[in-house]
Amino acid sequence: LAYKLGPLAIGFDVQVPLGYFRAKTALTACDAVICSFPEQKDFDAYASVATIPTYGISGVGGVILNLDAVRFGFSAMLPYTLRGSGKLKVKLPTNVVFDDAEIAGNEADVSVKFPLILRAGGEMRPLPYLRMSGAFVWEQWSTQKSIDIDVKQTTIRNVTGLGDYDVGDIKLQRQMKDTWSLRGGFELTVYGPTRALHGGHYGSWAPSPAVMIATLIASMRDDEGRIK
């Protein structure tokens, strides 16, 4: 959806991200009674969850002010949460107390938060064949503290000395931080013949602008790929 009023253009759209989510993690079944040391590997259980589809709803809005030689823009992508329901698989610990145990239940819900993203930038055209742009981007990744897996009534049954053992909700810690970046670039348009030209008996073919630009860009890095 877009609307233009003179040099000002406003737009907004709705986005529906779709995807496939899969994760694996280790869980300790150490209860501090039968197992005194949480680092005992034979009390570790391994869980994996897969959801398809995983989906969310977001929106992006933006404004552009076009003054011909100079343009300014601002956009925002709204935060959203990817959600999905899927199957949870648990591999039982190898300790002997789990020899007769079995898993009951295998359903789980997953939610992953994604950030608010703000962008502001400008573009100028000092020459007809040169366009330069710069932008500031801020992303609120601190909203993603963890990936949350809501386990639905999954129980490890018949554990020797413990009986039934519920598998609790799982949080995959992320502890992300907000990020910001400054970005810049330019676009240079070159003009030349559409085919190789010959300059005469004592001359040579005219240089290709495309080859000259490619050579210029390649010369910006040394033999080890570092920018000079």
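- Listed for the Asp166 side chain is no donor-acceptor partner under 3.5 Å among the backbone atoms of Thr155.
- Note that OG1 of Thr51 is 12.0 Å distant from NZ of Lys87, once rounded to the nearest 0.5 Å.
- Side chain of Gln144 to backbone of Lys113: a donor-acceptor contact under 3.5 angstrom is found.
- Applying the side-chain hydrogen bond (donor to acceptor under 3.5 Å, both in side chains) criterion to Asn66, with sequence neighbours excluded, gives no partner residue.
- To the nearest 0.5 Å, atom CG of residue Leu88 and atom NZ of residue Lys152 are 12.0 Å apart.
- The minimum heavy-atom distance linking Leu92 with Ala101 is given by the pair CD1-O, 3.6 Å.
- Taking a cutoff of 4.0 Å between a charged side-chain nitrogen and a carboxylate oxygen, Asp169 and Lys171 do not qualify as a salt bridge.
- The line from NZ of Lys89 to OG of Ser48 is 6.0 Å long, rounded to the nearest 0.5 Å.
- Under a hydrophobic-cluster definition in which Ile, Leu, Val, Met, Phe, Trp and Tyr are linked whenever side-chain heavy atoms come within less than 4.5 Å, directly or via other members, Leu116 and Phe114 are assigned to different clusters.
- Note on Tyr55: it does not cluster hydrophobically with Ile147, by side-chain heavy-atom contacts below 4.5 Å among ILVMFWY residues.
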Please report, to 0.1 Å, the donor-acceptor pairs under 3.5 Å made by any side chain of residues 126-138, with sequence neighbours excluded.
unit_1: Arg131; atom_1: NH2; unit_2: Glu187; atom_2: OE1; d: 2.7
unit_1: Arg131; atom_1: NH2; unit_2: Glu187; atom_2: OE2; d: 3.0

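- Hydrophobic clustering (ILVMFWY, side-chain heavy atoms < 4.5 Å, transitive): Trp141 and Leu172 are in one cluster.
- Tracing side-chain contacts under 4.5 Å through hydrophobic residues (I, L, V, M, F, W, Y), one never reaches Met220 starting from Ile213; they form parts of separate clusters.
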Anything under 3.5 Å between a donor and an acceptor, one on a side chain of residues 2-20, the other on a protein residue two or more places apart or in another chain? List them.
none

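- For the pair Leu27 and Ala47, the tightest heavy-atom approach, listed with the atom from each and the gap, is CD1-CB, 3.9 Å.
- In this structure the side chain of Ile156 reaches within 4.5 angstrom of the side chain of Ile103, judged on heavy atoms.
- Other residues, nucleotides and ligands contribute more than 12 heavy atoms inside 6.0 Å of the CD atom of Gln173.
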Worked check of side chain to side chain contact (heavy atoms under 4.5 Å, CB included) between Glu102 and Asn158 | CA-CA 7 Å; Glu102 60 182 7; Asn158 301 325; 3.9 Å; yes
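- Pairs engaging residues 209-226 under the side-chain hydrogen bond (donor to acceptor under 3.5 Å, both in side chains) rule: Asp222-Arg226, Glu224-Arg226 [sequence neighbours left out].
- Contact of the Val49 side chain with the Phe21 side chain is registered, since non-hydrogen atoms from C-beta on lie closer than 4.5 Å.
- Under 4.0 Å is where a charged nitrogen must lie from a carboxylate oxygen, and between Asp109 and Arg83 no such pair does.
- Once rounded to the nearest 0.5 Å, the distance linking OG1 of Thr160 with CG of Asp99 reads 7.0 Å.
- Scored by the side-chain hydrogen bond (donor to acceptor under 3.5 Å, both in side chains) test, Arg157 finds no partners at all (sequence neighbours excluded).
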Distance-only criterion, 3.5 Å: show the donor-acceptor pairs between side-chain atoms of residues 70-82 and protein atoms not counting sequence neighbours.
unit_1: Arg71; atom_1: NE; unit_2: Glu123; atom_2: OE2; d: 3.3
unit_1: Arg71; atom_1: NH2; unit_2: Glu123; atom_2: OE2; d: 3.3

